Amino acid sequence: MTSTNYARFINFLQNELSISSASIAVAERASVTSELSYPQPDSNALSMILWQYGLVTLEQLDKIFDWLQNTYDFN
């Protein structure tokens with residue numbers, strides 16, 4: 001995911017789902033892949049970590065995946 005697309009994703013989380021910056025920061029730290037020479041956030045991992053840590057509900061997680069699917073045609 002490009003940095004522009006990632007910024008749009010974070011904007012969606014904050015503005016549409018009212019997820020705090022602090023919650024996103026916690027999930028980002030946990031989701032960064034350390035195997036890369038330059039760590040990149042992964043929207044799918046970030047979404048799951050937000051849910052696993054209890055920072056989003058299952059309904060919000062559904063909305064996140066719907067948004068990702070509608071915004072980025074993965075087919």
Side-chain angles (χ1 to χ4, degrees):
M1 176 177 274
T2 67
S3 59
T4 302
N5 290 342
Y6 188 73
R8 288 178 59 208
F9 176 61
I10 297 301
N11 188 49
F12 165 76
L13 294 176
Q14 292 175 324
N15 295 326
E16 299 296 323
L17 298 181
S18 300
I19 300 171
S20 71
S21 297
S23 294
I24 293 169
V26 167
E28 283 178 327
R29 282 191 298 274
S31 71
V32 172
T33 305
S34 60
E35 298 164 0
L36 298 173
S37 58
Y38 54 96
Q40 294 179 331
D42 176 359
S43 60
N44 290 322
L46 179 68
S47 303
M48 291 305 298
I49 290 168
L50 285 167
W51 176 69
Q52 289 174 338
Y53 284 21
L55 302 171
V56 298
T57 65
L58 194 53
E59 181 180 315
Q60 288 173 310
L61 184 62
D62 242 1
K63 289 179 182 180
I64 291 169
F65 286 132
D66 286 344
W67 184 87
L68 286 168
Q69 184 176 15
N70 292 330
T71 303
Y72 308 104
D73 187 10
F74 291 114
N75 296 329

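Not measured: the values here are computed from a predicted model.
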Which donor-acceptor pairs under 3.5 Å do side chains of residues 46-53 form with protein atoms, sequence neighbours excluded?
from: Ser47; atom 1: OG; to: Ser43; atom 2: O; distance (Å): 2.6

Can you tell me if Gln69 uses its side chain to pair, donor with acceptor, with the backbone of Asp66 under 3.5 Å? no

Reported CG-to-CD1 distance for the pair Asn44 and Ile64, which is rounded to 0.5 angstrom: 10.5 Å

Straight-line distance of Thr71 OG1 to Phe9 CZ, nearest 0.5 Å: 9.5 Å

Euclidean distance, Arg8 CZ relative to Leu68 CG, rounded to 0.5 Å: 10.5 Å

In this structure, CG of Asn11 is separated from CG of Asn5 (nearest 0.5 Å) by 12.5 Å

Closest approach of Leu55 to Gln60 (non-hydrogen atoms, all atoms of both residues): O-OE1, 4.4 Å

Show the nearest heavy-atom pair for residues Lys63 and Leu17, with the distance to one decimal. CD-CD2, 3.9 Å

